[in-house]
Amino acid sequence: MEGEDEPSGGPMIDEEIYANGIGAGEEEKRSRPIISGEQLDVEAYASLYTGRTKITRLLFIADHCGNNQAMQLEALRMAYDEIKKGENTQLFREVVQKIDGRLGPNYTMDSAWCDTVDRRAEQKKEKLENELNAYRTNLIKESIRMGYNDFGDFYYAHGALGDAFKHYVRTRDYCTTSKHIIHMCMSAILVSIEMGQFTHVTSYVSKAEQLPDNNLDAITAAKLRCAAGLAHLEAKKYKLAARKFKRTGATPHFLETGPELANHYNEIIAPQDVATYGGLCALASFDRTELKNKVIDNLNFRNFLELVPEVRELINDFYSSHYASCLDYLGNLKANLLLDIHLHDHVETLYDQIRNKALIQYTHPFVSVDLRIMANAFKTSVGGLEKELEALITDNQIQARIDSHNKILYARHADQRNATFQRVLQTGSEFDRDVRSMLLRANLIKYEFNLRASRKP
Amino acid sequence: MDSVEALVTQIQGLSSTAGDVSRLHIILKQSDDSLHPESTRLFPALDQLDPSKHSLGYLYILEACSSGPVSKERASSLVLTISRFISSCAAEQVRLATEKFVSVCKRLKDQALLLEAPMRGVAPMLTAIRKLQTSSEHLTALHPEFLLLCLLAKCYKTGLSVLHDDISEVDQPRDLFLYSYYGGMICIGQKKFRKALELLHNVVTAPMSSINAIAVEAYKKYILVSLIHHGQFSTNLPKYTSSAAQRNLKNFCQPYIELANSYGTGKVTELEIYVQTNREKFESDNNLGLVKQVVASMYKRNIQRLTQTYLTLSLQDIASTVQLNSAKEAEMHVLQMIQDGEIYATINQKDGMVRFLEDPEQYKTCEMIEHIDSSIQRIMALSRKLTAMDENISCDPLYLSKAGRERPRFDLDDYDSVPQKFNI
C-alpha cells in the first residue's frame, strides 16, 4: 500500500492498526499519514511544505537520519532541486558540499548558476535601493512601505534572514491600515521562526492579536495561533503550546473547513504537525478532564487528528488506560519524530512526561497494586518498574510505599494529625532558638554601641 | 613588713559591715601597688586571714602573691590555696573587685595546666562562676576558661550543665565567642548536635566589625556539624550576619565547602576519595574525627531516604542502593540506626528483609502534653522578655535622640512614637 521507500531496517507496524485508520490508498497524498510508524517517506513529507521551511526540513532530515544513506541522499536531492528553483546561493553551496558528488554529475556545484543568480541579485538590489530612495524623498507612505517590504522579500529569498527581519520591521512606521500591520507581523513571524528566535514570534503574535477582532480573518487568526503554539513548544511550555494548537481550529466558522485552513500555512507548518504537536503536548501536560474536553471531544481538533491516526489512537488508548498499546505507538513514532525540526529537542522530555503520567494514572485509583501485573501492563520488568516508581515516589508524584518483598505497591496517606503535632513542636523550638539568638545579638550590639559612645570625647 | 602587718590588721578590723568594707576597698586600692613587689613575703599574711570573712582583703593579697612567677613546687600549693579560697569566699565582697577575682581564677587555670592536671581546676572554676554571676544569664570572663578546662580534662558532662543556661548579658564579646566555640565542641563530644549547631551559629552570626580566627574555626565545625545533623548545608548566611563575616568566612574554609558539595551529590565513594586527598588539611585543623563522622552520616542519610519509598526491602537491595559492600554490613548499619532511634524498623533475618515502620509516637500521652505545655510556658516567657527589652530601648535617651535626628530621613510610622523635642 504505502511501500514507496521500502527501507532495509525501518520499523514496520502492524497492517491492521494501520488499515483501521484510513481507507485503502484513495486519499490524496496530502492527507496520507506521513508521521507514522513506517520509515519516513521523504518525498511525501516534503510535499506538505513550501518555501524555505521545506529546504530546512529536508536538510535537517539529511543531517539527522544517521546511517540511512538512501533517505539522506533522497532528502539532499530534493533539497537541491528546491533550492535551484529559488535564489539562495549560500544554501546551494551548503547542499552541494553535503551531497559530495554522491548523486552523480547532475547534482554537483553549478558555479555558472551561482554566478548568474548573484549577479541578478546585485542588480535587483541596486534597483530596489534606488526605488526606495526615490520613494523616501517623495515621502509617500504606502510606497515606502512597499519598498521596505520588497527589500525584505528580496533578502529572505537570498537567505539573509537578519536583514530581511530588519526591513520587515521598518515597515511598521509606514503602516496605515490594520491589514498592513497584520502583513508586517506575519512576515516578521515567518522570518523569526526560520531564524529560531521565538521571543520575537511571541511578541509579534501578541501585536497582531491586539488589533480589534473583526479585522482578523479566521485564517490569519489560526496562523497566529499556530505560530504562538510553536513558540511555546520551543520554550518548553507544553501546556500552553497544547492549548494554542487546540484552538487553531476553534473559531466558529471553520467547523467544516478545519483541515483546509491549515494548508494555508504551508510555509511554516502542516496540519499533520498541528495534530502531532498538539496531541503530544496535550498528552504530556493536560490532566484527564482537560484531555477529554479539549482533545477528545473537540470536533475541530478531531479533524486534524484524522490526518495522523496513530496519534489519535494513542490518545484514545491513554484515556482508556490501554497503556501498553499507547506506549507501543509512541515507540513506533519516535524515529520519525526525531526528524522533525521543531519537535526534535523535545521528544525525549515529552515521552518521559507521558510515561510518568501513565504510571501515575495507573496507580491512582488503587489502595494496593501488584507490581507483577503492572509490569505486564507496561511491558517492562518488575525491577525496572520498581526503579521508575521509586523515582516518582521520591519526587512526591505518587503517594505510596513499595513492599519489595512481596512486590506490592501500597497507597499511603500521611497522618495529618501527627504531622501537625510534629510541625508545631518544631516551629516552637525554632522560635525559641531564634529569639534567644536575637536577644543575645541585640545585647552584643548594645554593648558595642555603649563602648563606642563611652570612648567618644 | 610593717605595712603588710598594718594592712592585715585593717583588713581584720574593717571586714564586718558593708560600710566598713567599702572603706577597706578604697584603702586596698591605694595600697595595691605597694603590695605587688612583696609577693614572696605575703604568704604568711594569708594564714592570718579568714577567707570567708575577710574575702576582699584576702583576694587582694592573694592576687598580689600569685601575680609573680611561680615555681613548680609552689604551684601545687598555690592551686590548693586558691581552690580553698574560692570555695569559702563571700560572693558580695568578691563582686566588688571582679577583675582581681577573674585574674586570680585565671592564675588557677594556668597553674592547673602547668601541673598537667586540668581536672583540679574544674570544680573550683565552676564554683567561681556561680559566685561571680549576678544572674544565671550573665556570661562572665570565667565561662570560657571553665569550658576550656572541661575540654582538656574531658569532663564533658560538667561543661554541659553550664551550657544549659541561656545567656543574655555579656561582659565582653570575646568571652562570648570563646564560650560558644568551646561549648560547641563539648556538645559535639556529647553528640548533642542540635545544641552544638546553635552555639556555633551564634559565633558565626555574631556582630563583628572584622573577621576573627574564632569565627573561622567555628564556621568550619559548623559546616561539618550541619552535614551530620541536617544532611545538608547551604553557604547562605542569614541576613543578620555581619558583612565582614559574609564576605570573608568562605575564603578561609574552602576545603570544607567543597566537602559539603561532595556530600550533596549523595555518592559515598566520591566523598571518601575527597576526604582521603585532603586528609592533612583536616588533620591540621583537628577536625579529622568530625569529618569521619560526616562520612558515616552519609550512609544513614541514604538509608533514611529509603524509608520514605519502601515498606519492606531486602538487605541486599539496601546494600546496593546505599553503596555498602555486603548485606551483612547493611544489617549492621540498620541495626545501629534502630538502636539509636534514628529509624523505626524490624529486621527479619530469615528472609533477609527489613520492614520499615511508622513513627509510633501518637502524641496522646501525658508526657507529650506536659512537654507541649512547658514549651508554651517557655515561649511566653521569652516573648515577655522581648517586649520588655523593646520597651527599655524605646525609653533610652540615646536611641531617642538618634531617632529624632534621623526622622526627616526616614519618615516611618515607627518614629512617630518619638517625642518632637528630640528633633535636631
Side-chain angles (χ1 to χ4, degrees), chain A residues 368 383 386-396 398-415 417-454 456, chain B residues 137 139 166-173 176 180 194-195 197-198 201-202 205-209 238 240 242 305-314 317-318 321 348 351-356 358-359 361-364 368 371-372 375-376 378-379 382-383 385-386 389-390 392-393 396 398-399:
Chain A
S368 64
E386 224 178 284
K387 288 270 167 291
E388 284 186 74
L389 287 174
E390 189 184 329
L392 285 173
I393 294 176
T394 321
D395 221 10
N396 222 7
I398 301 185
Q399 267 80 42
R401 296 282 180 276
I402 303 178
D403 180 345
S404 181
H405 185 48
N406 302 321
K407 302 290 179 216
I408 301 186
L409 183 77
Y410 288 101
R412 181 224 204 211
H413 300 288
D415 186 339
R417 182 176 175 278
N418 283 356
T420 313
F421 268 103
Q422 236 177 347
R423 258 203 317 274
V424 163
L425 285 173
Q426 198 183 347
T427 315
S429 64
E430 277 173 20
F431 179 81
D432 188 11
R433 187 194 62 199
D434 289 340
V435 171
R436 272 186 293 124
S437 308
M438 252 195 333
L439 288 173
L440 189 59
R441 273 196 300 278
N443 267 324
L444 281 176
I445 296 180
K446 193 161 79 157
Y447 170 86
E448 195 122 354
F449 185 72
N450 287 342
L451 197 65
R452 255 186 285 146
S454 66
K456 277 200 210 136
Chain B
E137 293 173 4
L139 184 77
D166 299 328
I167 302 294
S168 50
E169 283 174 57
V170 175
D171 279 341
Q172 276 264 9
L176 178 70
S180 300
R194 202 162 71 90
K195 183 111 184 120
L197 214 52
E198 200 183 307
H201 184 80
N202 280 345
T205 57
M208 53 179 119
S209 48
Y240 45 77
S242 64
R305 217 174 304 148
L306 286 175
T307 63
Q308 293 301 321
T309 39
Y310 286 93
L311 265 182
T312 62
L313 194 58
S314 72
D317 283 333
I318 295 182
T321 323
N348 182 337
D351 300 326
M353 279 277 164
V354 178
R355 185 176 195 84
F356 296 118
E358 295 288 330
D359 180 358
E361 176 64 63
Q362 285 296 315
Y363 300 96
K364 287 181 186 156
M368 184 49 73
H371 177 61
I372 296 181
S375 301
I376 295 178
R378 203 176 139 79
I379 293 190
L382 256 184
S383 293
K385 207 199 278 194
L386 197 56
M389 193 178 198
D390 188 40
N392 266 341
I393 295 195
D396 186 318
L398 281 173
Y399 165 75

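Here is how names work: the chains are called A, B, and so on, in the same order as the sequence lines, proteins then strands, and each is numbered from 1. For clarity, every value in this text was computed on a predicted model and none was experimentally measured.
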Between the CZ atom in A/R433 and the CG atom in B/L382, the distance rounded to the nearest 0.5 Å is 13.0 Å
Charged N-O contact under 4.0 Å between A/R436 and A/D432: yes
Heavy-atom proximity to chain A below 4.5 Å, by part of B/E361: backbone
Regarding B/E137 and B/K385, does a basic nitrogen lie under 4.0 Å from an acidic carboxylate oxygen? yes
Less than 4.5 Å to any heavy atom of chain A: does that hold for the side chain of B/N348, its backbone, both, or neither? neither
For B/L176, is it the side chain, the backbone, both, or neither that has a heavy atom closer than 4.5 Å to a heavy atom of chain A? side chain
By a 4.5 Å heavy-atom criterion (distance strictly below it), what part of B/D351 contacts chain A: side chain, backbone, both, or neither? side chain
Which portion of B/T307 sits near chain A, non-hydrogen atoms under 4.5 angstrom: backbone
On the ring face of B/Y310, is A/R401 found with NZ or CZ under 6.0 Å from the centre and within 45° of the axis? no
Are any non-hydrogen side-chain atoms of B/P238 and B/H201 less than 4.5 angstrom apart? yes
Against chain B, label A/L439 side chain, backbone, both or neither, depending on which of its atoms sit under 4.5 Å from a heavy atom there. both
Residue list, side-chain hydrogen bond (donor to acceptor under 3.5 Å, both in side chains) with A/N396, at least two apart or on another chain: A/Q399
Name the member of A/I393, A/D403, A/L389 that forms the most heavy-atom pairs with chain B at distances under 4.5 Å. A/D403
